[in-house]
Amino acid sequence: MAQPQKNIQIQAPGFAGLNTQDSPIGMDLSFAEIADNCVIDSLGRIASRNGFRAFTADPETSGNMGTNPVETAYEYVEENGNRTILMAGDNTSDTPALWSQDTSGNLTTITGLSASGNMWDYTSLGSLCYMAQEGEDVMVTDGATVSAMTQQPSAFTTGGITDPNIITTGFGRLFVASGTSNKSTVQWSVVIGASGLGATPWTGTGAGAINVDEYWPNGTDTIEAITVHNSYLVIFGRRSILLYSIPDSGTNQGPEYMTLADTIENMGCIARDSVTSIGTDVLFLDASGIRSLNRTIQEKSVPVGDISKNVRDQLSTDVRGIELPISAVYSPEEAMYLLMLPKVVNGIASCNIYVFDTRRPLEGGALRVTQWNAGDLRCAVRADTGKLFLCGRGGANEYTRGEDTSSIDGDVASKGIIMNYRTRSQDFDAPSRVKFPKKVDVILVGGETLDLTVSWFFDFSQAANSTNISRESEGGGNWASGVWGVASYGTPGGIISSNGIQMWGNGKNIQLGFAGEITGEPVSIQELNMKALIGRTL
């Protein structure tokens, strides 16, 4: 009796991103088990990421950075429209320094800095940029020189903060929090005027402070981050969140008239620089994962969504192993929120980046997630022009099409993107029967030069059958004879299709993997069609 053949078609495989949380048995094939150096592209397909292109000009010598990494970065936009990227890190003398990078990548050292660290929090108000870091005075820079504010927040008569670690702006004022010995007070400045904040920004009319110690819903807590969102001052503790409504019209307006509008228990922020506005929402890192703070005009409370639930345990484990500061950035152009987890193990620096796609949330509110593996990256900044820069060793690296040409791993040679994608196992709706795969048809979109290993795994084993395929960049190429059937090619970046890869072996569950180097254009996996004979029940 002839064995029945089963066909399975997977359009846009992996479009739901990673799922390391749920049981792999019977999991939907829209999820991926591995998605390293991958993104979800604009059409919902799993694809290789863009490259990190070295942008900073001669950082080690003319920039005086040496091999030290940039630790924090911020785009400073002056009132006249001039844009520079401020970057902080140790110089060749291992002394904290601050640089200004212009739109061509040229570095200028900003003079006047005296500090013991580089973990600045930045904000802009009027024509100046303000910086805060625990253990340091609040600093101010015009992009050329930097100095301590003439009057510090500690000058406020009641509850003034000494050396705050947090700074932001809203309602025409500076807000600071988390001082060296005061982790429960938020302080605000006077309203900026035509000539700036004036000589008494922290003691003038309208300046003030609030101690939130008695308002934490779970008793005591400490302020880890603050942000202004939709006329609310959001105060993040480690285990709770306070939302203060600030009136912005009428006679009684400003933070001195704010009222406590809502509290959230058993949830908070554990990394200051993970708090990121994505326009209509704010994302932040809680002890249980990435959370969404989303409030509509009609709602009277704050719904909080677990957008990392498909990788919750894996992410929590990775976060617990991080000793360096965690940071995040949002790119509306790329529609992704990047959570950066840098670490140094045995003297080797690396960065594990969780990439959350913000285009189309999954059912239940989770965002689709992939991962990037990189060298010595510490932070990232999105420029007003829409460019995304990832910063670390060698300064700033632009996220753009092409290969990696950065020096974050100490090697400036151009390198392809090492993509690794693996589907979830598939039992062809017959979990107790043996399958004999015959071939898989693959449709790829893009990719200028490919060097891929296509593998298939049986019954959750890591042992694989595999074949190597490659294509050069001459507007098409020749796949290995006897492996691929008749194929049609377009120009580089066009659609490449084939009649299939021949497969062998058997098992109850089958899993496909694609790993290899991509150069030039990113490659997307458009469709997989697998054929298998269904054998007897074991």
Side-chain angles (χ1 to χ4, degrees), residues 1-36 38 40 44-46 309-314 362-364 366 368-370 419-444 452-469 479 482-487 497-516 524-538:
M1 181 177 177
Q3 293 175 313
Q5 179 171 284
K6 181 78 172 182
N7 297 330
I8 182 168
Q9 182 184 58
I10 313 169
Q11 294 183 333
F15 77 89
L18 282 171
N19 190 332
T20 60
Q21 189 68 26
D22 299 325
S23 170
I25 300 175
M27 185 180 293
D28 194 305
L29 275 172
S30 62
F31 289 110
E33 181 180 280
I34 298 174
D36 291 342
C38 293
I40 308 297
R45 304 168 301 200
I46 199 84
K309 64 181 182 180
N310 289 334
V311 292
R312 183 189 301 121
D313 291 348
Q314 176 182 310
L362 297 169
E363 185 177 355
R368 298 175 295 176
V369 59
T370 57
M419 175 186 181
N420 187 8
Y421 161 65
R422 191 178 297 182
T423 69
R424 302 303 313 199
S425 292
Q426 173 58 227
D427 62 16
F428 290 86
D429 298 321
S432 63
R433 302 180 71 179
V434 178
K435 290 85 183 178
F436 299 84
K438 295 304 178 183
K439 71 174 181 177
V440 60
D441 299 328
V442 182
I443 297 178
L444 304 176
L452 292 173
T453 297
V454 181
S455 305
W456 51 99
F457 308 79
F458 295 105
D459 298 334
F460 309 102
S461 171
Q462 294 302 305
N465 296 323
S466 61
T467 184
N468 294 314
I469 58 176
W479 301 99
V483 177
W484 289 75
V486 178
S497 63
S498 170
N499 287 344
I501 300 174
Q502 302 303 316
M503 303 174 68
W504 58 91
N506 64 83
K508 293 181 180 179
N509 297 275
I510 304 172
Q511 183 180 33
L512 283 173
F514 298 82
S524 303
I525 302 177
Q526 173 76 25
E527 186 175 304
L528 299 176
N529 294 286
M530 197 185 329
K531 300 176 178 64
L533 296 178
I534 307 299
R536 60 187 175 88
T537 300
L538 291 181

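Position 1 is the first residue of the sequence, and the numbers go up from there.
- Applying the side-chain hydrogen bond (donor to acceptor under 3.5 Å, both in side chains) rule to Asp459 yields no partners; only residues at least two apart in sequence or on another chain are considered.
- Taking the side chain to side chain contact (heavy atoms under 4.5 Å, CB included) definition, one finds that Glu527 meets it with Gln9, Gln11, Ile443, Asn529, sequence neighbours left out.
- Taking the charged nitrogens against the carboxylate oxygens, Asp427 and Lys435 have no contact shorter than 4.0 Å, which rules out a salt bridge.
- For Ser524, the side-chain hydrogen bond (donor to acceptor under 3.5 Å, both in side chains) criterion is met by Asp41, not counting sequence neighbours.
- Remark: Ser425 pairs with no residue by the side-chain hydrogen bond (donor to acceptor under 3.5 Å, both in side chains) rule, at least two apart or across chains.
- Scored by the side chain to side chain contact (heavy atoms under 4.5 Å, CB included) test, Phe15 finds Ala12, Ser30, Arg368 as partners (sequence neighbours excluded).
- Annotation: side chain to side chain contact (heavy atoms under 4.5 Å, CB included) contacts of Ala515 (sequence neighbours excluded): Asn420.
- Side chains of Met419 and Ile525 form a contact here, defined as non-hydrogen atoms less than 4.5 Å apart.
- Between Ser455 and Ser466, the shortest heavy-atom distance links the atoms OG-CB, 3.4 Å.
- Phe436 approaches Gly535 most closely through the heavy-atom pair CE1-CA, 4.1 Å.
- Not counting sequence neighbours, the partners of Glu33 by the side chain to side chain contact (heavy atoms under 4.5 Å, CB included) test are Arg422, Arg424, Gln511.
- Separating the CZ atom in Arg433 from the CZ atom in Phe428 is a distance of 12.5 Å, to the nearest 0.5 Å.
- Using a 4.5 Å heavy-atom threshold, the side chains of Ile40 and Thr370 count as touching.
- In this structure, the side chains of Val440 and Met503 come closer than 4.5 Å at one or more pairs of heavy atoms.
- Legend: residues meeting side-chain hydrogen bond (donor to acceptor under 3.5 Å, both in side chains) with Thr453, ordered by chain and number and at least two apart, are Asn468.
- Note: Leu18 CG to Ile46 CD1 = 7.0 Å, rounded to the nearest 0.5 Å.
- Across every non-hydrogen atom of Gly505 and Phe458, the tightest pair is C-CZ, 3.4 Å.
- Among all heavy-atom pairs drawn from Asp441 and Lys531, the shortest one is OD2-NZ, 2.9 Å.
- Taking the side chain as every heavy atom from C-beta outward, Lys439 and Gln502 approach each other to under 4.5 Å.
- For the residue pair Ala463 and Phe457, the shortest heavy atom distance occurs at O-CD2, 3.7 Å.
- Taking the six-membered ring where the residue is Trp, Trp504 and Trp456 present perpendicular rings, their angle passing 60° and hence far from 30°.
- Here CZ of Phe31 is found 5.5 Å from CG of Leu362. Values are rounded to the nearest 0.5 Å.
- For the residue pair Pro431 and Lys508, the shortest heavy atom distance occurs at O-CD, 3.6 Å.
- When each of Asp313, Val369, Ile34, Val311 is tested with Thr20 by the rule side-chain contact (heavy atoms from CB on, under 4.5 Å), just one qualifies, namely Val311.
- A search for salt bridge (charged side-chain N to carboxylate O under 4.0 Å, His left out) contacts involving Asp28 returns nothing, not counting sequence neighbours.
- A side-chain contact (heavy atoms from CB on, under 4.5 Å) with Met530 is found for exactly one of Leu512, Ile501, Thr423, Leu29, namely Leu512.
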